[in-house]
Asker: 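Next up is a structure, given as structure tokens.
So that the names make sense, note that chain A is the first sequence line, chain B the second, and so on, each numbered from 1.
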Amino acid sequence: MFELIINHVVGRIPDWTWPFAAGGGMAAYFVFGIMNHFPQLKWYVLVGRPVSFTVFVLGVFFYGSAGVLTLQQQALQEANQRVELARQASISANVELQTVMAGQTHLIKGRSYGVRQQIIHDQVVIDRDCNRINDTAWTDYNRAVKNQGEATPR
Amino acid sequence: MKLLVPVLVLLLSACATKTAPVIPQWPTVPADLTAPAVDLVPLTEDQHSLSDLIQNSNQNYTQYYILKEKYQGWQNWYNNQQKIWQGLQ
């Protein structure tokens, strides 16, 4: 959550905002210090002083005391580059895989075609001894193909 | 002033932050791998010869080898993407 605030909210605020905030916060803090001498302004001072001090600290901090924004944005940029490289690598891997698979599938279909032609060529020889397969064999074969029926034999 | 302590701690915690909030997209899968599997083909009523049975077996074996290729394709896809993902960490 804090990273989100740093990168996507604070990161969009222009840099010149921070010295203004720091200066404004410090000035307000002193003004509230003066106002503290007037009892009728006590409630304004009670709220305004911590707020102005916080604004001052935030201003100083974000202006560059720690360089958090720069580091975060740099890290974000590097992470985005790594993600983009990974995306490209993923696409390349998929293209390579598709090429290999298409080649293998082509070979499989080619070999299958060869077998089919061979069976057609040998049909007379194959059917010489078995022109018609037994009905039970036909039923059992189809049952195996469909993977249907009961688990135990009848 | 006591409120400033958690505020400062929160701000300073940013210095210890090393990772950037970037979520990579889920990798795409080749269309060939997502196509539904084809059923095996049984013998039709007019197919009763041994050559018909062998032709049918050949057809079904072909389907098996194609499905085996897809299965290996999924394994390869997973391994490749895993390597790429681990490279991101």
Asker: Counting heavy-atom pairs under 4.5 Å to chain A, which of B:G87, B:G73, B:P27 comes out on top?
Answerer: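 Of the options given, most contacts go to B:G73.
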Asker: Look at B:L53, B:N58, B:L40 and state which one has the largest set of heavy-atom pairs under 4.5 Å with chain A.
Answerer: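 Sorted descending by pairs with chain A, the first entry is B:N58.
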Asker: Side-chain donor-acceptor pair under 3.5 Å between B:Q81 and A:S90, yes or no?
Answerer: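 Indeed, the side chains of B:Q81 and A:S90 share at least one donor-acceptor pair under 3.5 Å.
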Asker: When rounded to the nearest 0.5 angstrom, what distance separates OG1 in B:T62 from NZ in A:K109?
Answerer: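 Answer for the OG1-NZ pair, B:T62 versus A:K109, is 9.5 Å.
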Asker: What verdict does the side-chain contact (heavy atoms from CB on, under 4.5 Å) test give for A:I108 and B:K68, after you've listed the backbone C-alpha separation in whole Å, the side-chain angles of each residue and the deciding distance to 0.1 Å?
Answerer: CA-CA 11 Å; A:I108 291 165; B:K68 184 186 170 195; over 6 Å; no
Asker: Side chain, backbone, both or neither: which part of B:K83 has an atom under 4.5 Å from a heavy atom of chain A?
Answerer: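 Looking at B:K83, nothing touches chain A.
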Asker: Under 3.5 Å, side chain of A:W138 to main-chain N/O of B:E45, donor-acceptor pair present?
Answerer: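 Judged by distance alone, no pair lies under 3.5 Å.
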Asker: Group every Ile, Leu, Val, Met, Phe, Trp and Tyr by side-chain heavy-atom contacts under 4.5 Å, then state whether A:V31 and A:L41 land in the same group.
Answerer: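 Yes.
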Asker: CG of A:N147: more than 12 outside heavy atoms within 6.0 angstrom?
Answerer: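 Counting other residues, nucleotides and ligands, CG of A:N147 stays at 12 neighbours or fewer.
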Asker: For residues A:F32 and A:F53: do they belong to one hydrophobic cluster (side chain heavy atoms under 4.5 Å, members Ile, Leu, Val, Met, Phe, Trp, Tyr)?
Answerer: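 Each belongs to a different hydrophobic cluster.
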Asker: A:V83 and B:W85: same hydrophobic cluster, using ILVMFWY side-chain contacts below 4.5 Å?
Answerer: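 In one cluster with A:V83: B:W85, yes.
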Asker: Just wondering, more than 12 heavy atoms not from B:Q25 lying within 6.0 Å of its CD?
Answerer: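 No, CD of B:Q25 has 12 or fewer neighbouring heavy atoms, counting only those of other groups under 6.0 Å.
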Asker: Measuring from A:R87:CZ to B:L88:CG, what's the distance to the nearest 0.5 Å?
Answerer: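 Reported value, rounded in 0.5 Å steps: 12.5 Å.
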Asker: Just give me the residue among B:N60, B:T44, B:D32 that pairs up with chain A most often, heavy atom to heavy atom, under 4.5 Å.
Answerer: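 Sorted descending by pairs with chain A, the first entry is B:T44.
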Asker: Measuring heavy-atom distances to chain B, does A:I133 have an atom under 4.5 Å in its side chain, in its backbone, in both, or in neither?
Answerer: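 Both backbone and side chain.
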Asker: Provide the closest heavy-atom pair for A:A93 versus B:I84 in the form atom of the first, atom of the second, distance.
Answerer: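 Nearest pair, atom of A:A93 first, then B:I84: CB-CD1, 4.3 Å.
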Asker: Non-hydrogen atoms of chain A under 4.5 Å away: do they reach the side chain of B:D39, the backbone, both or neither?
Answerer: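 Neither part; nothing is under 4.5 Å.
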Asker: Using non-hydrogen atoms and a 4.5 Å limit, figure out which bit of B:Q63 sits close to chain A: side chain, backbone, both or neither.
Answerer: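 The answer is neither part of B:Q63.
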Asker: With respect to chain B, which residue among A:K146, A:E96, A:R111, A:Q98 yields the maximal number of heavy-atom pairs within a distance under 4.5 Å?
Answerer: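 The residue among A:K146, A:E96, A:R111, A:Q98 with the greatest pair count is A:Q98.
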Asker: Would A:F38 and A:V45 show up in the same hydrophobic cluster when neighbours are defined by side-chain heavy atoms closer than 4.5 Å?
Answerer: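 Yes, one cluster joins them.
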Asker: I need the contact set between residues 114-127 of chain A and chain B: heavy-atom distance under 4.5 Å, sorted by residue number.
Answerer: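 Only A:V115, A:R116, A:I119, A:I120, A:Q123, A:I126, A:D127 of residues 114-127 of chain A have a heavy atom under 4.5 Å from chain B.
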Asker: How many angstroms lie between atom CH2 of B:W74 and atom CG of A:L97, to the nearest 0.5 angstrom?
Answerer: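 Going from CH2 on B:W74 over to CG on A:L97, the span is 10.0 Å.
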Asker: In terms of heavy-atom pairs under 4.5 Å with chain A, which of B:I66, B:D52, B:N76 leads?
Answerer: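 Highest number of pairs under 4.5 Å: B:I66.
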Asker: Spell out, yes or no, whether A:V57 and A:Y29 are grouped together once hydrophobic residues are joined by side-chain heavy atoms under 4.5 Å, including indirect joins.
Answerer: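 In one cluster with A:V57: A:Y29, yes.
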Asker: Hey, is the main chain of B:T28 close enough, under 3.5 Å, to the side chain of A:N94 for a donor-acceptor pair?
Answerer: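 Side chain of A:N94 to backbone of B:T28, a donor-acceptor pair under 3.5 Å: yes, one is there.
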Asker: Quick check for you: to the nearest 0.5 Å, what is the distance between A:H106 atom NE2 and B:E69 atom CD?
Answerer: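 One finds 13.5 Å between NE2 of A:H106 and CD of B:E69.
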Asker: So how far is it from A:Q104 CD to B:K70 NZ, rounded to the nearest 0.5 Å?
Answerer: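 These two atoms lie 14.5 Å from each other.
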Asker: Could you state the interatomic distance from CD (B:Q55) to OG (A:S112), rounded to the nearest 0.5 Å?
Answerer: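 Nearest 0.5 Å value for the CD-OG distance: 8.5 Å.
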Asker: If you apply the rule side-chain hydrogen bond (donor to acceptor under 3.5 Å, both in side chains), what do you find for B:Y65 with A:T105, and how did you get there?
Answerer: CA-CA 8 Å; B:Y65 282 112; A:T105 306; over 6 Å; no
Asker: Determine the option with the most heavy-atom pairs under 4.5 angstrom with chain A, choosing from B:V29, B:L50, B:N56.
Answerer: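 Counting heavy-atom pairs under 4.5 Å, the top option is B:L50.
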